[in-house]
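One structure is given below, encoded as C-alpha cells.
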Amino acid sequence: MAAIGSVISGRYELVEIVGQGGMSTVYRARDQKLNIYYAIKEIKKESGNELIAETSMTEVNLLKGLNNSHIPRIIDIIDDGVNIFVVQEFIQGISLEQKLEEEKQFPQETVVEWMKQMCNVLYYLHNQNVIHRDIKPGNIMWAPSSENEGHITLIDFGAGRVYKKGKTRDTVAFLTEAFAAPEQKNQISASDARTDIYSLGLTMYTLLTGLYPDETYKVKPITEIDANLSTGLEKIILKCIKEEPGERYQTALELLYDLEHYRENEDLYIAQQRKKLNLFIIFASLCLVCAFISGIFSLSISGAKSKNYSLIVKTATTPEECIDAIAIKPGEPEGYYALWTMYNESDYCISSTEMAVINKLIVENQSDFQSKNDFAKLNYQIGQDVWFNYGGTDNEIEEGKIVNDATKSSKAVDPFFNNVISNASDDSGFLDDANAYIAWNNYIQSTAKSQKSGQQTTDEVLIEGWKSLHKLITSIDKGVEPIVRLKMCSQVVSSIETNVYRYKNAGISAGEIMEALATVNTVVNDINNNDILDNKLVTQLKQNIVGVDGNIGSLKRAEKALYDAYPEVGNNE
C-alpha cells in the first residue's frame, strides 16, 4: 500500500485513504500541478488478485468512453509494474446508503428527483450500450448542490458490461443479490437495460420505505408500509420489478416519463377524474331533461331562434345547441369552434367520442365550406388540441389510463393535420406548422417502434424530429391557449433533457438548443402575466416547467443537461 504523502507519477500527492478493500485502496489525492483533488484507486498486481484487477479494469475501460455529469470521469491510468493507479474525478458527498442510515427514510418528492436524475444517466448509459448491473443505494453518491435535492453520481462500474445483442447469458460478475434482477441471479438470460431498471425500482423502494428487500428478495407494496406514500409511485415500482423483463419499463425514458407524471396515476387522482366524468354525465342528462321540458312550452320561441345562427352560437350552453347551429349553416366555422371549445375546455381531456362527433360533422359538411383555408384552419386547431389533450376512449378516461404520446400524435395527424395539408394555401401561416407536427409524429412513431424492438432511432430520424420540434416552439402563436403552449414547452424541454447528448453527436448546435430554451422561457413568462392563472392546470404545468417551493423545474434541468453535453457553453456563461 502506498504511503500517505507519497507522490504518484511525480504529480499526484496521496492525502488520505477514503476506502479500502482486500486487494485495492482508494485515496484522495492532490494534483500538484493543477491543485485539484482526485480519487486514486490503487490495484495490486499480484497472484490471487486477478479477479479484482480484471473487475477494476473493466470499470476503467467502461468509464473511459463516457462523459456525463452523473458519472465519474477517468483522468489518468498509471502502471508502475507493481500496482495500477486509476486517477478519476473525486466525488464529493456520501452514498445514499450512508445517508439512509442517518435519515432512515426520505421524502417522496426528494426520491422522485433523485430517480429522475438516475433515469437520465441510465438513458445515457444504455444509449452507449453500457449496462451497470449493480445499482443500489450504496453505489449512488449524493452531494449538496444549488438544486434542493442535491446532485447524485452513479459509481462502481466494476460489474458493468457492454451490451451485445444476441448474447444469451452473462459472464460471472460481482453483484448485490438483494438488488439484482432475476436474470442476473438465475443466469437465465443476459442482462440489458431492463436489468438496471429492475434494480432502480428496488432502490426506489428502499429509499422511500427505509427497508431493504428481505431474505426472499420480495417487497410489499409501499402503501402497505406507509399509507402516506403515493399509489402512483407504488405502481411505478411494481412495474420496475416485474419478474419478466418484457413486463417492465423497456427504457429509462419510459420510466422517466411516468416519474414526471406519477401524480396523474394515483388512485385519488383517478377517482377524481371518474367523479368529474360522472358529474358531467349527470349534468348532461339534466340538460337533456330540461331541454325536453322547455321545448314543450317554447316551440314558437325555439322556432324563431333556430333561424338565428349567430344567436345560437353566442348563447349555446350545450354541445347539442352547437350541433343545431352547424345544421343551419354547415359551411360556417363558428359553430364548429363553439362545439370544439366546449369539448376541449370542459376538462382539457378530449375523448374519442367527442373527436368522432366533430370529425363526422367535418366530413359530412366539407363541401359546404366556401373557403378551403377556413376548413384547413379549423382542422389545424382541432389537431393541435388533440395532440396535447386527447385522453382516450370513455372507458380509458373513466379508468384513469394514461394515453401515450404516440397515440395522441397519430390521432391528431389522421385526419386533422392531413386535412390541413390537403386544403391550406401556401401562404396560410399554419401549413408549415402542420407539416412540422406531421414530421414530429413520424419521429415519435419511429421512436416507439425502436423501443419495442430494443433498438435506437437513427440520427437522421432524430435530426428531423428536432427540426420539427424547433420549428414549432419558435413559431408558436401567443393566441394559442396557454395549456397548449405550456404542454408544447414541456415536450421541448423533455426532449432536450433526454436527447441532448444524441443531439450533440448528430451535429445539432448548442445555439439551436439555447434558442429553443430561451423561447420556452419567454412563453412561460408571457403566461405569467395572463389573467387565466386561476386555472389550476395552467398553474400546475407552469410550475412543472419553472419549479416551485425549491423544486427544480424541467427548464432548469434541460439547461443543466445542455451545459453537461456542451461544456464549452457552460464555461462561457
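Keep in mind that the numbers below use all heavy atoms, side chains included, and drop hydrogens, waters and symmetry copies. Sequential numbering from 1 along the given sequence is applied to the chain's residues.
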Closer than 4.0 angstrom, basic N to acidic O: yes or no for Glu244 and Lys242?
no
Nearest 0.5 angstrom please: Ile350 CD1 to Asn389 CG, how far?
5.0 Å
Shortest non-hydrogen contact between Ile545 and Val520, atoms and distance:
CG2-CG1, 4.3 Å
Using a strict threshold of under 4.0 Å (side-chain N to carboxylate O), is an ion pair present between Lys556 and Glu559?
yes
Out of curiosity, Asn139 CG to Asp156 CG, how far, rounded to the nearest 0.5 Å?
4.5 Å
Could you tell me if the side chain of Glu103 sits less than 4.5 Å from the side chain of Gln98, heavy atoms only?
no
d(Asp258 CG, Tyr262 OH) to nearest 0.5 Å is 12.5 Å
Nearest heavy-atom pair of Lys104 and Glu101: which atoms, and what distance?
NZ-O, 2.9 Å
Any donor-acceptor N or O pair under 3.5 Å, side chains Gln105, Asp226:
yes
Ignoring hydrogens and geometry, is there a side-chain-to-backbone donor-acceptor pair from Thr407 to Val403 under 3.5 Å?
no
Short side-chain donor-acceptor distance under 3.5 Å, Tyr503 and Ser495
yes
For the residue pair Thr195 and Glu183, confirm or rule out a side-chain donor-acceptor distance under 3.5 Å.
yes
Charged tip of Lys408 within 45° of Trp387 ring normal and under 6.0 Å:
no
For the pair Glu497 (side chain) and Ser494 (backbone), establish whether a donor and an acceptor sit closer than 3.5 Å, ignoring hydrogens and angles.
no
Quick check: closest heavy atoms across Ala193 and His126, and the distance to 0.1 Å?
CB-ND1, 3.3 Å
Keeping Asn525 on the side-chain end and Asn521 on the backbone end, is there a donor-acceptor pair under 3.5 Å?
yes
Closest non-hydrogen contact found for Cys349 with Gly391 is SG-CA, 3.7 Å
With a 3.5 Å cut-off and no angle check, do the side chains of Asn127 and Tyr501 form a donor-acceptor pair?
no
Tyr566 ring centre to Lys504 NZ or CZ under 6.0 Å, with the angle to the axis within 45°?
yes
Consider only side-chain N and O atoms of Gln250 and Arg194, and report whether a donor and an acceptor are under 3.5 Å apart.
yes
Could you pull out the closest heavy-atom pair between Val538 and Leu486, with the gap in Å?
O-CD1, 3.6 Å
Neighbour count >12 (heavy atoms, 6.0 Å) for atom CD, Glu16:
yes
So, His470 and Glu515: side-chain donor and acceptor under 3.5 Å apart, yes or no?
yes
Less than 6.0 Å separating the ring centroids of Tyr443 and Trp440?
yes
Distance-only side-chain donor-acceptor flag, Glu89 / Tyr38, under 3.5 Å
no
Do Asn404 and Tyr257 have a side chain donor and acceptor closer than 3.5 Å?
no
Could you go step by step and tell me if Phe106 and Trp114 meet the ring-ring contact (aromatic ring centres under 6.0 Å, His included) rule?
CA-CA 11 Å; Phe106 299 113; Trp114 289 341; 4.8 Å; yes
Taking NZ, NE, NH1 and NH2 as the nitrogens, is one of them in Lys116 or Glu260 under 4.0 Å from a carboxylate oxygen of the other?
yes
Can a side-chain donor-acceptor contact be found between Asn120 and His70 if the only test is distance below 3.5 angstrom?
no
Would you say Glu234's side chain and Thr223's backbone share a donor-acceptor pair under 3.5 angstrom?
yes
Tightest non-hydrogen contact, residues Gly138 and Ile155, listed as O-CD1, 4.2 Å
